[in-house]
Amino acid sequence: MSGVAGDGPVGCKLLDGVTVVEVAHELTEYAGTILAGLGAEVWLVEPPAGCRTRQRRPFAEQASASRQSIPFLARNAGKRSVVIDPADPSAAAAFAALLARADVVIEHQESGIGAWTAAADVPVVRITDPDGIGASSVVVFAASGSLSSSGWPHQPPCNAPSWLALDAVGTFAAAMAVLLVREHRVSGRRRRCDVPVQEAGIAGLTNWTRNMHSYGTASAGQGAETKRLGSGPFPVFPCADGYVRIIAATPRQWEAMLELLDRPELLLQPEWASFQFRNENFDVIFLVAAEILATRRADDVFHRGQSLGLPVAPVLGLPSVIGDPHVRAREMFTTVQDPEVGPVQMLRAAVRTGE
């Protein structure tokens, strides 16, 4: 299993010359993917059976068994894989040699080689789980507080798409890794830090709801208690051929929305100028606006709203996203030639720098 863990798009060179050792775990892999996309050399240390994501469906049928997991290929793009077996007497020396060239290590507290990492003189980012939350996407999402406000009030809570909660943890781990590398290069100190799963999930996904609760303030008609409101006062509106999302929070944005809707008489009454009143009666806004927008094309609504200064965007499926003019102009996707799967469309690195 030694070799390339997942071919990835050519990233920027921001972290060129930085070597990262990532001890494979579902909660570390997005951090490693971010750093690889920014130009770091990332070594994915796996057990003999491979990391668990290699078994995650859906599969690419044309790939070998160890590389057929599409989630694995997507979340480990640009990394190099090496197998380290803690039960092998020679593994400690091999791992020590890898650490000797590392600028930073990213690991989870469940790592079977954590003792070897602890003894090494290298900066370490350690993802911790003191409450035993685990690595289930929906469980971490719930532990962050997000599940309590996700979904419609008459239906059960719903998980976020993909592995959003795990990615929030990975984002913090990647940021801390960069800080530790810089600290070492500037001061010579090799620091270690912990990234608690629940705290990272809260900070990455629902820190604003915790602030509301602490201060007893209200947002989107919720009050201080988080509850499910679906899309709330900023709904997704059906159009003749698709959907758009509109956010009209400020007075200027509300005025722009009225113009977009051709100034319906009901919404021109003085009480609708109040943001709090609109929050408490957003269902009326939806009924009025949905009837008007149902006869218009989503793209027309988008461009008209943009010209008025209104935050509005079409809700697109994956094929439409890839073909979207803005996405194409920003070159958000690039084609990667995988040795087994063939040409694959993948997101490029989140940051671009000049050559």
Side-chain angles (χ1 to χ4, degrees), residues 1-8 15 17-37 39-56 63-69 71-130 132 134-135 166 169-170 173-174 176-178 180-181 184 189-197 339-340:
M1 207 171 293
S2 179
V4 178
D7 294 312
L15 298 182
V18 174
T19 300
V20 179
V21 171
E22 176 200 338
V23 183
H25 190 276
E26 295 93 322
L27 285 162
T28 66
E29 61 190 1
Y30 190 64
T33 300
I34 292 174
L35 299 176
E41 179 183 292
V42 180
W43 287 88
L44 181 68
V45 178
E46 301 186 70
C51 68
R52 290 185 292 224
T53 308
R54 287 187 185 267
Q55 307 304 317
R56 182 75 180 241
S64 59
S66 66
R67 299 187 70 250
Q68 65 181 348
S69 168
F72 172 79
L73 295 177
R75 298 172 66 81
N76 292 279
K79 302 177 188 177
R80 295 185 176 275
S81 172
V82 60
V83 172
I84 299 291
D85 184 359
D88 183 351
S90 65
F95 188 58
L98 187 59
L99 292 182
R101 53 183 293 195
D103 292 285
V104 66
V105 174
I106 302 176
E107 66 174 2
H108 188 273
Q109 69 177 43
E110 294 178 350
S111 167
I113 51 180
W116 297 349
T117 304
D121 188 20
V122 62
V124 176
V125 177
R126 186 169 180 258
I127 297 176
T128 62
D129 187 9
L166 306 193
V169 179
M176 292 308 303
V178 172
L180 292 190
V181 170
H184 177 226
R189 291 192 292 268
R190 295 180 174 88
R191 296 188 183 273
R192 296 167 182 259
C193 75
D194 289 348
V195 177
V197 170
E340 297 184 21

Exercise for review: Would you sort out whether L27 and E110 count as a side chain to side chain contact (heavy atoms under 4.5 Å, CB included), showing the intermediate values?
Suggested key: CA-CA 11 Å; L27 285 162; E110 294 178 350; over 6 Å; no
Check your understanding: After noting the C-alpha distance and the side-chain angles of V195 and M176, does the key distance pass the side chain to side chain contact (heavy atoms under 4.5 Å, CB included) rule?
Key -> CA-CA 8 Å; V195 177; M176 292 308 303; 4.1 Å; yes
**Study point:** All salt bridge (Lys or Arg N to Asp or Glu O under 4.0 Å) counterparts of R191, not counting sequence neighbours
**Key:** E183
Review point. With no hydrogens and no angle check, is any side-chain donor or acceptor of Q109 less than 3.5 Å from a backbone partner on D129?
Key: yes
Check your understanding: Which heavy atom of P123 sits nearest a heavy atom of L180, and at what distance?
Key -> CB-CB, 4.0 Å
Exercise for review: Please step through side chain to side chain contact (heavy atoms under 4.5 Å, CB included) for the pair R52 and E26, ending with a clear verdict.
Suggested key: CA-CA 7 Å; R52 290 185 292 224; E26 295 93 322; 2.8 Å; yes
Review point. With sequence neighbours excluded, what pairs up with A24 under the side-chain contact (heavy atoms from CB on, under 4.5 Å) test?
Key: L44, E46, C51
**Study point:** All side-chain hydrogen bond (donor to acceptor under 3.5 Å, both in side chains) counterparts of T117, not counting sequence neighbours
**Key:** E107
**Study point:** Reported CD1-to-CG distance for the pair I127 and D194, which is rounded to 0.5 angstrom
**Key:** 10.0 Å
Practice item. Tell me, please, which residues at least two apart from Q68 pass side-chain hydrogen bond (donor to acceptor under 3.5 Å, both in side chains). Key: none
Revision key, fill the gap. Shortest non-hydrogen pair, R54 vs S81, comes out as NH2-OG, 3.7 Å
Exercise for review: Not counting sequence neighbours, which residues clear side-chain contact (heavy atoms from CB on, under 4.5 Å) with A177? List them please.
Suggested key: L35, V104, I106, V125
Exercise for review: Please name the pair of heavy atoms, one in V23 and one in S111, separated by the smallest distance, quoted to 0.1 Å.
Suggested key: CG1-OG, 3.4 Å
Check your understanding: Can you list the residues that meet the side-chain hydrogen bond (donor to acceptor under 3.5 Å, both in side chains) rule with T28, with sequence neighbours excluded?
Key -> E22
Revision key, fill the gap. Contacts of P71 meeting side-chain contact (heavy atoms from CB on, under 4.5 Å) (sequence neighbours excluded), chain-then-number -> T53, R56, P58, S69
Check your understanding: Short question: side chain of T128, backbone of P130 - any donor-acceptor pair under 3.5 Å?
Key -> no
**Study point:** Side-chain heavy atoms of K79 within contact of W43, under 4.5 Å
**Key:** no
Exercise for review: Give every residue pair that meets the ring-ring contact (aromatic ring centres under 6.0 Å, His included) criterion with at least one member in residues 98-119, sequence neighbours excluded.
Suggested key: H25-H108
Exercise for review: For V122, enumerate each residue passing the side-chain contact (heavy atoms from CB on, under 4.5 Å) test, keeping only those at least two apart in sequence or located in another chain.
Suggested key: A102, V105, A120, V124
Exercise for review: Heavy atoms only: give me the nearest A74-T33 pair and the separation to one decimal.
Suggested key: O-CG2, 4.2 Å
Let me check something: any side-chain donor-acceptor pairs from residues 86-95 under 3.5 Å, sequence neighbours excluded? List them with distances.
{"residue": "D88", "atom": "OD1", "partner": "S90", "partner atom": "N", "Å": "3.0"}
{"residue": "D88", "atom": "OD1", "partner": "S90", "partner atom": "OG", "Å": "3.0"}
{"residue": "D88", "atom": "OD2", "partner": "S90", "partner atom": "OG", "Å": "3.2"}

Exercise for review: Kindly write out the residues that satisfy side-chain hydrogen bond (donor to acceptor under 3.5 Å, both in side chains) with E340, not counting sequence neighbours, or none if the list is empty.
Suggested key: S64
Study note, to complete from the structure: Closest non-hydrogen atoms of G170 and I34, given as atom of the first, atom of the second and distance, are O-CD1, 4.5 Å
Check your understanding: What residues form a salt bridge (Lys or Arg N to Asp or Glu O under 4.0 Å) with D103, not counting sequence neighbours?
Key -> R185
